[in-house]
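Counting starts at 1 for both ligands and their atoms, in listed order. Note that this is a predicted model, so its numbers are computed, not measured. Note that the numbering runs from 1 along the sequence shown for the chain. Values reported hereafter were calculated over all heavy atoms of this structure, with side chains retained and with hydrogens, waters and symmetry mates removed.
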Amino acid sequence: MGTTSPHKENAIDLNEYSGYLIDKMRLLEERNNILREQKEKIEFEKQYVENQKLKYEREVRELRSELEQLKTTPMLVGTVVDTLADGRVIVSSTTGPQFVVNVSHFIKQKDLLPGTRVTLNHQTLVVMDILPTSSDPLVSRMEVCESTDVSFEDIGGLNEQIRELKEAVELPLLKPELFSRIRIAPPKGVLLHGPPGTGKTMLAKAVALATNATFIRIVGSEFVQKYIGEGARIVREVFEMARKKSPSIIFIDELDSIGAKRLEVATAGDREVHRTLMQLLSDMDGFSERGNVGIIAATNRPDILDGALLRPGRFDRLITVPMPDDPARESIFRIHSRGLNLSDDIDFDLLAGLAKDMSGADIRAVVMEAGMFAIREGREFVDLSDFKEAIKKIRESSKKEQFRVEGMFI
Ligand code: ATP
């Protein structure tokens with residue numbers, strides 16, 4: 001009584017023990033899972049750290065090579081002037097003087113044509129490499145349009161000038177046989193001269209459109225300011241590009257900045273301008289087989305131009321572009337008002353009379369200002385009073401500008 005059999009006791013022990021083992025196994029499995037997860041996490045982290053290591057190694061390599069590059073001595077840029085029989089070449093460096101130098105063995109002699117841009121070792125000035133000329137950023141920054149959007153119909157007045165320009169530039173480009181048949185040489189360069197804003201640039205652009213020519217515009221003052229030490233080379237490359245892209249028209253605006261009379265060639269700046277001018281003259285002289293390239297220049301100051309520019313074979317056709325007269329002003333008003341919504345009271349003849357002494361550029365500004373007045377009034381059309389107000393405003397602002405400019409010179 002009251003006692004359990006030893007068999008039963010054993011059975012309970014076994015049950016308990018196997019329960020204990022199952023719990024233990026579950027715990028171990030859980031632990032195992034946790035460890036596996038931790039292992040995966042650590043492996044992932046290891047992978048990440050290895051990647052980081054590779055990344056930093058790459059960065060170190062890049063920084064090292066950057067450092068190497070920063071430490072390398074700079075190369076000078078020069079231009080080949082001539083090649084000598086013994087294999088050496090004459091180069092002019094961008095700083096001015098010319099040197100006779102040796103050439104690296106890696107460069108083929110035949111590639112060193114005069115005008116080629118090269119790099120020079122800064123100590124020995126040995127020619128180290130040839131630079132590409134076609135991708136010269138200075139030249140590609142010029143205004144070059146395959147075709148312009150100004151036609152002769154957009155120009156008010158200037159009928160006589162248009163006729164002369166067609167004769168001097170359009171005919172030689174479009175019908176060169178007419179000149180060769182009669183055996184006369186077409187004018188080489190045309191110089192448009194007259195007050196600012198009278199349509200000189202427009203005329204050049206319109207000829208380019210009429211002849212389907214590439215329009216290349218270079219501005220004299222920019223040559224002097226931006227391309228110091230490079231003016232002569234740029235002139236040569238512009239002519240080269242014009243030949244490649246022919247038919248083309250080279251338009252040299254503000255010719256007086258490079259072509260003013262040579263009084264005392266004193267400062268380095270003067271010498272540089274002089275070099276640019278000489279290059280321009282020699283390019284024009286060497287342009288006998290110029291093919292389809294027309295040269296037009298413009299200036300407000302023909303009186304200060306160097307006589308050498310005006311000799312036959314250079315700018316040998318002078319065309320005066322005057323301030324517009326009454327009928328011309330009327331037609332300029334009409335041209336610039338073409339797209340505007342106008343009231344019926346607009347009298348262009350009257351406006352031309354009111355805008356006496358105004359240039360084409362002033363009239364264009366008047367038309368734009370009249371449009372602004374109408375917008376300010378909340379109207380959908382421009383009326384005569386807007387134009388009158390605008391003429392007054394433009395006149396005043398140009399007077400102020402004149403005072404400012406005169407003040408600068410006092
Ligand atoms: P600058 O000597 O200052 O360079 P420019 O004589 O070359 O002046 P343009 O640049 O041709 O003058 O003219 C400036 C603007 O004035 C033109 O874009 C055009 O809108 C207007 N303009 C000048 N003259 C005329 C004209 N005869 N007919 C129509 N518009 C004109």
Student: Quick test: of every protein heavy atom, which one is nearest to atom 4 (O) of ligand 1, and how far off is it to 0.1 Å?
Tutor: D253 OD2, 3.7 Å
Student: Compare every heavy atom of S151 with every heavy atom of A206, then report the nearest pair and how far apart it is.
Tutor: CB-C, 3.8 Å
Student: Considering non-hydrogen atoms of the protein only, which is the closest contact for atom 23 (C) of ligand 1, and what is the distance?
Tutor: G197 O, 3.3 Å
Student: Students should be able to answer this: which protein heavy-atom is nearest to atom 7 (O) of ligand 1, and at what distance?
Tutor: T201 OG1, 2.6 Å
Student: Does only the side chain of E254 get under 4.0 Å from ligand 1, or the backbone, or both, or neither? Count heavy atoms.
Tutor: neither
Student: So which protein heavy atom does atom 27 (N) of ligand 1 come closest to, and at what separation?
Tutor: G156 O, 3.0 Å
Student: Which protein non-hydrogen atom lies closest to atom 30 (N) of ligand 1, naming both residue and atom, and how far is it?
Tutor: H336 NE2, 2.9 Å
Student: Counting only nitrogen or oxygen atoms and a 3.5 angstrom limit, does I155 reach ligand 1?
Tutor: no
Student: What's the shortest heavy-atom distance between P247 and T211, and which atoms?
Tutor: CG-O, 4.3 Å
Student: Return the minimal non-hydrogen interatomic distance between P172 and V169, and the atom names on each side.
Tutor: CD-O, 3.3 Å
Student: Once you restrict to heavy atoms under 4.0 Å, what part of I363 touches ligand 1? Side chain, backbone, both or neither.
Tutor: neither
Student: For atom 14 (C) of ligand 1, what is the closest protein heavy atom, and at what distance to 0.1 Å?
Tutor: A361 CB, 4.0 Å
Student: Which residue in the set R376, K388, K392, R395 passes salt bridge (Lys or Arg N to Asp or Glu O under 4.0 Å) when paired with E369?
Tutor: R376
Student: Using heavy-atom distances only, which candidate in K200, R329, Q161 approaches atom 6 (O) of ligand 1 most closely?
Tutor: K200
Student: Nearest 0.5 Å, please: how far is CG in N102 from CD1 in I107?
Tutor: 11.5 Å
Student: Test your reading of the structure: does I332 have an N or O sitting under 3.5 Å from an N or O of ligand 1?
Tutor: no
Student: Going by distance only, is there an N or O of I335 that falls short of 3.5 Å from an N or O of ligand 1?
Tutor: no
Student: Looking only at side-chain N and O atoms, does T299 offer a donor or acceptor that is under 3.5 Å from a partner on D256?
Tutor: yes
Student: Note the single closest protein heavy atom to atom 19 (C) of ligand 1, along with its residue, its atom name and the distance in Å.
Tutor: M202 SD, 3.5 Å
Student: Aromatic rings F333 and F387: how do their planes relate, parallel, tilted or perpendicular, breaks at 30° and 60°?
Tutor: perpendicular
Student: Restricting to non-hydrogen atoms, name the atom on D347 and the atom on L384 that form the minimum distance, rounded to 0.1 Å.
Tutor: N-CD1, 4.1 Å
Student: Touching ligand 1 at all, P324? Heavy atoms, strictly under 4.0 Å?
Tutor: no
Student: Which bit of R364 is near ligand 1, meaning a heavy atom under 4.0 Å away: side chain, backbone, both or neither?
Tutor: side chain
Student: With Q98, which of V91, T79, V81, D82 fulfils side-chain contact (heavy atoms from CB on, under 4.5 Å)?
Tutor: V81
Student: Run the numbers for me: atoms of ligand 1, each under 4.0 Å from some heavy atom of D154, listed by number.
Tutor: 28 (N), 29 (C)
Student: Got the closest protein heavy atom to atom 12 (O) of ligand 1, with its distance?
Tutor: G199 N, 3.3 Å
Student: Mind checking whether L305 and L191 have side chains closer than 4.5 Å, heavy atoms only?
Tutor: yes
Student: So, is L158 polar-close to ligand 1, with some N/O to N/O distance under 3.5 Å?
Tutor: no
Student: D386 and A370: which non-hydrogen atoms are nearest, and at how many Å?
Tutor: CB-O, 3.6 Å
